[in-house]
Novice: 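Okay, here's the structure, questions in a sec.
Per chain, numbering begins at 1; letters A, B, ... match sequence-line order.
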Protein chains: 2
Amino acid sequence: MKTVTKTNKNIYNRACRVLTGGVSRNTIYRKPHPFYVATAKGSYITDIEGVERIDFANNMASLIHGHSHPAINEAVIEQIQRGTAFTMGTEAEVRFAELMIKRSDSFERMRFVNSGTEAVMTMIKTSRVYTKKPKIAKAEGAYHGTYDYAEASQTSNPSNWGDINKPNVNQVVEGTPQGALDDVVVYPFNDIERTLNILDQHADEIACVLIDPVPHRVGLFPATNEFVNAVYNWTRKNNALMVFDEVVTYRVNYGGKQEIFSVKPDLTAMGKMIGGGFPIGALAGKKEIMEMLNPRGRILRHPHSGTFSANPISTTAGRVAMELFDREAVLKLNALTSIAIKQIEESIRIADVPVSVTGAGSMFRLHLQATKPTSYREAYHSKEKKALITELLDYLFLEENIIMINTGACMFATTLRQKEVDRLSDALLNGFKLFKPKLDRLDH
Amino acid sequence: MKTVTKTNKNIYNRACRVLTGGVSRNTIYRKPHPFYVATAKGSYITDIEGVERIDFANNMASLIHGHSHPAINEAVIEQIQRGTAFTMGTEAEVRFAELMIKRSDSFERMRFVNSGTEAVMTMIKTSRVYTKKPKIAKAEGAYHGTYDYAEASQTSNPSNWGDINKPNVNQVVEGTPQGALDDVVVYPFNDIERTLNILDQHADEIACVLIDPVPHRVGLFPATNEFVNAVYNWTRKNNALMVFDEVVTYRVNYGGKQEIFSVKPDLTAMGKMIGGGFPIGALAGKKEIMEMLNPRGRILRHPHSGTFSANPISTTAGRVAMELFDREAVLKLNALTSIAIKQIEESIRIADVPVSVTGAGSMFRLHLQATKPTSYREAYHSKEKKALITELLDYLFLEENIIMINTGACMFATTLRQKEVDRLSDALLNGFKLFKPKLDRLDH
């Protein structure tokens, strides 16, 4: 192990005296301590000890153009000199909304918020107003931010997930009110028959069926067109909405993952990359449903503001990032990601390890099992699997200078080239060889 | 009326085709259309028609140093060139946490999030984990962001607020699940006897009593030391937490409004000005309670991350803003605000109108009634009052080039000087004279 971690350790020691657990978000925590960034450019991050690493995590998928993109920086710095937030509008929010509305057929009106969590929460609340019903349905294992209803059963495990025909609704945070859990229905992703059965049991109460079309924590495999159609048809018959969480997946096609389905969601929550590296969330969808938020109505059905919502920094950075992420850029990035997956699959074959890769567009995830999982329960990582993926990722981070997401996922950025992809597949080959005995043992 | 609104109107027309109601947050909406900012510096905003106005709203209290402060801009621009968000830590979050922990005695550990809404939500969830109880108590009329539990009864009105001895728990957004409302207890702010009576009825179920110590929407008058002590003592006896929402009020003293109370909150939510003009929220409090969020524990009791939480832009801007807002700056700003209130009270006296002013520190609010309100129900604005305050604020905005918050409140910034205060009291004098007949009629 490289031992240039003294300064990182010192900062962490300071952090432990002021931040709970020494971190402000659990995702950056790693044993024995997190690492701290000095500077980052494109796909390279240099930590405060001067160690340079290639970044395949891109702040949990939020940096589609890597770090410090010159065009985004230029536009943001120009805006900063004219102010960052006002109790008035800016043309920046209008320009950005115009751009986004053009990208996806299902977007007729939109609203900006500050995070994916806020976007999903606003989407759920809007669904309740429109349908006058209290419940939501969501996929077991799917992450949708930290709103109690949206996070239920995200971390279900074999000891509490219950019958697959009727998965248990489990709290993620201790002390979640039972009243909140009672308003959540959990379905098994991509399992049409069971899902429709479960939905039918709550048909009169479901405001929306929430779908992440490529749910990272479920296993990062796409919803099938059949599944989306089945849910869509069910919602049409039962006065419910079909709503998408595309906070992560909007990157998959020019108009989001939804572009390739033959039916479209009523509402879509977004976040991450559409902020161009700055905090953002957004809700877009059908005009008549978004109308619930209209302050000009006779009654205010869904009052909605937010001090920093639609601030000109996030909307300017986001607009520039999305302008740069045009159809050609999306296709090019997806093509490079396909090459990466092929090379990694070749590394898996050479090392002869029981590892598989799932993904869509510019995202993929490693699974420590020979067969690609097709459900949350198949993809579920036991304690041993979790420990081994952490060991592998630590090896990559410390020895190969490769940064991946802590689930074993990569979210590509347009600043990556073949050179970095080669480093990734080579590093993984080394890792697979090194951990082959453990990987083999785990698969039995 | 000045009629230089063609460009503003054109942008709004474009906005209406892409944003619901033509706005992304209701606070910026005004009839017949919102106004759009071209550039802002210090306490002056120039709109896209070239009209310059003095800003006393400061993006809903979030800009303690006005617009485009050179020191904040310099630090942020420097950080932007080193990256805006990473799946790793930065020293920026540690430095900022160190600074904040020193400011308030009740802060032992903290965590950053992206908005006041997220901060309050995280605070409520942490309270539930720690106490193992589901309910929260909150003041009638108090605004705490958009989490269902936190927003209940924020907009209660005479038709639905019920008996003051047991105020009704009312939804703010239509379709709020009854299950959520059932876990909220509403108390009348500053009313010790009634509040304790109400709390007693739910003693076994209350996780936390949430207090905004100068609740803007209740009427912007401070909690009494007696009230805070009574609630504190009740929480000590009943295994509950006393938690403060200081998203707005942290500005009141160097260590927050809490500094002057003889007892301190267990947890405090912050936001607005501590982001230095960029999106932020924060939760701080006792070590043993914040420990619920620790990822290093044997079990993860409250998993907590957030893609943009503690990003180095918001934490850098926030740190610089708070360094500049030292004890001397706080006192100076509060002194100027006191002068402003005195001058406005003189304007009220000269115009002989039934208007009063409440406030604390660098904030105040006008009430269209001769006697200062001491409760939400006294301060409640009827439809007629709301219409008249809007008329007055429109006059100030369009004719006097003065920007206030739509409740009739001002949130001062350190960039204001006596010159701007004189303009404010003069403009208000003109407004009071103009609207005197209507104001007099309203008061009867």
Novice: Can you name the residues that form a ring pair (Phe, Tyr, Trp, His ring centres under 6.0 Å) with A:Y149, not counting sequence neighbours?
Specialist: A:Y147
Novice: In terms of heavy-atom proximity below 4.5 Å to chain A, should B:A317 be classed as side chain, backbone, both, or neither?
Specialist: neither
Novice: With side chains defined as the heavy atoms from C-beta onward, is the minimum distance between B:D148 and A:K125 less than 4.5 Å?
Specialist: yes
Novice: Which bit of B:I11 comes within less than 4.5 Å of chain A, counting heavy atoms only: side chain, backbone, both or neither?
Specialist: both
Novice: Given that the side chain runs from C-beta out, which part of B:K41 has a heavy atom under 4.5 Å from chain A: side chain, backbone, both or neither?
Specialist: neither
Novice: Counting heavy-atom pairs under 4.5 Å with chain B, which one of A:A310, A:G179, A:P177 comes out on top?
Specialist: A:P177
Novice: What residues form a side chain to side chain donor-acceptor pair (under 3.5 Å) with B:D182, not counting sequence neighbours?
Specialist: B:Q178
Novice: Let me see the working for B:N311 and A:R25 under side chain to side chain donor-acceptor pair (under 3.5 Å), right down to the final yes or no.
Specialist: CA-CA 10 Å; B:N311 74 78; A:R25 49 192 189 128; over 6 Å; no
Novice: For the candidates A:G297, A:G277, A:P279, which exhibits the highest count of non-hydrogen atom pairs separated by less than 4.5 Å from chain B?
Specialist: A:P279
Novice: Of the backbone (N, CA, C, O) and the side chain (C-beta and beyond), which part of B:V113 lies under 4.5 Å from a heavy atom of chain A, both, or neither?
Specialist: neither
Novice: Check each atom of A:I299 against the heavy atoms of chain B and say whether the ones under 4.5 Å are side chain, backbone, both or neither.
Specialist: side chain
Novice: Quick one: of A:R301, A:E108, A:M121, A:Q154, who has the most non-hydrogen atom pairs under 4.5 Å with chain B?
Specialist: A:R301
Novice: For A:S305 and B:T27, indicate whether the former's side chain and the latter's backbone hold a donor-acceptor pair under 3.5 Å.
Specialist: yes
Novice: Going through the distances and angles, do A:V247 and B:T307 end up as a side chain to side chain contact (heavy atoms under 4.5 Å, CB included)?
Specialist: CA-CA 11 Å; A:V247 171; B:T307 299; over 6 Å; no
Novice: For B:L283, is it the side chain, the backbone, both, or neither that has a heavy atom closer than 4.5 Å to a heavy atom of chain A?
Specialist: neither
Novice: Apply side chain to side chain contact (heavy atoms under 4.5 Å, CB included) to B:M110 and A:L19, showing your working.
Specialist: CA-CA 5 Å; B:M110 71 187 298; A:L19 296 165; 4.2 Å; yes
Novice: Going through the distances and angles, do A:Q81 and B:I77 end up as a side chain to side chain contact (heavy atoms under 4.5 Å, CB included)?
Specialist: CA-CA 10 Å; A:Q81 277 142 357; B:I77 289 169; 3.8 Å; yes
Novice: Is there side-chain contact between B:I80 and A:I80, with heavy atoms separated by less than 4.5 Å?
Specialist: yes
Novice: Just wondering, do B:K31 and A:R296 contact through their side chains at under 4.5 Å, heavy atoms?
Specialist: no
Novice: Can you tell me if B:R95 has over 12 outside heavy atoms packed within less than 6.0 Å of its CZ?
Specialist: no
Novice: Please report the shortest heavy-atom distance between A:M88 and B:D47, naming the atom on each side.
Specialist: CE-CB, 4.1 Å
Novice: What distance do B:F86 atom CZ and A:I45 atom CD1 have between them, rounded to the nearest 0.5 Å?
Specialist: 6.5 Å
Novice: Which atoms of B:N58 come close to chain A, meaning under 4.5 Å heavy atom to heavy atom: side chain ones, backbone ones, both, or neither?
Specialist: backbone
Novice: CG/A:N294 to OH/B:Y29 distance, rounded to the nearest 0.5 angstrom?
Specialist: 8.0 Å
Novice: Report the distance from atom OG1 of B:T84 to atom CG of A:N59, rounding to the nearest 0.5 Å.
Specialist: 7.5 Å
Novice: Once you round to the nearest 0.5 Å, how far does OG1 of B:T117 lie from CG of A:N114?
Specialist: 8.0 Å
Novice: Among the options B:I72, B:T131, B:T87, pick out the one with the most heavy-atom pairs lying under 4.5 Å from chain A.
Specialist: B:T87
Novice: Do A:R17 and B:I101 have side chains that get closer than 4.5 Å, going by heavy atoms?
Specialist: no
Novice: I need the residue from A:G21, A:A282, A:G175 with the largest number of non-hydrogen atom pairs under 4.5 Å to chain B.
Specialist: A:G21
Novice: Let's test your reading of the structure: which of B:G281, B:P134, B:S68 forms the most heavy-atom pairs below 4.5 Å with chain A?
Specialist: B:S68
Novice: Picking from B:R111, B:H67, B:M100, which has the most non-hydrogen pairs under 4.5 angstrom with chain A?
Specialist: B:R111
Novice: Let me confirm one number: the OH-CD distance from A:Y36 to B:E91, rounded to the nearest 0.5 Å.
Specialist: 9.5 Å
Novice: I'd like to know which of A:E174, A:H302, A:M60, A:R128 tops the heavy-atom pair count under 4.5 Å against chain B.
Specialist: A:E174
Novice: Check whether any side-chain heavy atom of B:V23 lies under 4.5 Å from a side-chain heavy atom of A:P295, and answer yes or no.
Specialist: yes
Novice: Just give me the residue among A:G22, A:A92, A:G83, A:G306 that pairs up with chain B most often, heavy atom to heavy atom, under 4.5 Å.
Specialist: A:G306
Novice: Does anything in residues 284-293 of chain A get under 4.5 Å of chain B by heavy atoms, and if so which residues?
Specialist: A:M290, A:E291, A:L293
Novice: Do the side chains of A:V129 and B:V173 get nearer than 4.5 Å, heavy atoms only?
Specialist: yes
Novice: If you count heavy-atom pairs under 4.5 Å with chain A, which of B:G145, B:P34, B:S62 comes out on top?
Specialist: B:S62
Novice: Below 4.5 Å from any heavy atom of chain B, which atoms of A:Y12 appear? Answer side chain, backbone, both or neither.
Specialist: side chain
Novice: Under a 4.5 Å cutoff for heavy-atom pairs, which residue among B:E151, B:E98, B:R30 has the most contacts with chain A?
Specialist: B:E98
Novice: Pick one of side chain, backbone, both or neither for A:A38, based on which atoms fall under 4.5 Å of a heavy atom in chain B.
Specialist: backbone
Novice: Kindly write out the residues that satisfy ring pair (Phe, Tyr, Trp, His ring centres under 6.0 Å) with A:F308, not counting sequence neighbours, or none if the list is empty.
Specialist: none
Novice: To the closest 0.5 Å, what do you measure between CZ (B:R109) and OG (A:S24)?
Specialist: 13.0 Å
Novice: Does any backbone or side-chain atom of B:D183 lie under 4.5 Å from a heavy atom of chain A? Answer side chain, backbone, both or neither.
Specialist: side chain
Novice: Against chain B, label A:S309 side chain, backbone, both or neither, depending on which of its atoms sit under 4.5 Å from a heavy atom there.
Specialist: both
Novice: Does A:I28 form a side chain to side chain contact (heavy atoms under 4.5 Å, CB included) with B:E93? I'd like the steps, not just the answer.
Specialist: CA-CA 12 Å; A:I28 70 152; B:E93 71 206 46; 3.7 Å; yes
Novice: Specify the closest pair of heavy atoms between B:R14 and A:V94, including all atoms of both residues, with the distance to one decimal.
Specialist: CB-CG1, 3.9 Å
Novice: Checking B:F96 against chain A: side chain, backbone, both or neither under 4.5 Å from a heavy atom?
Specialist: neither
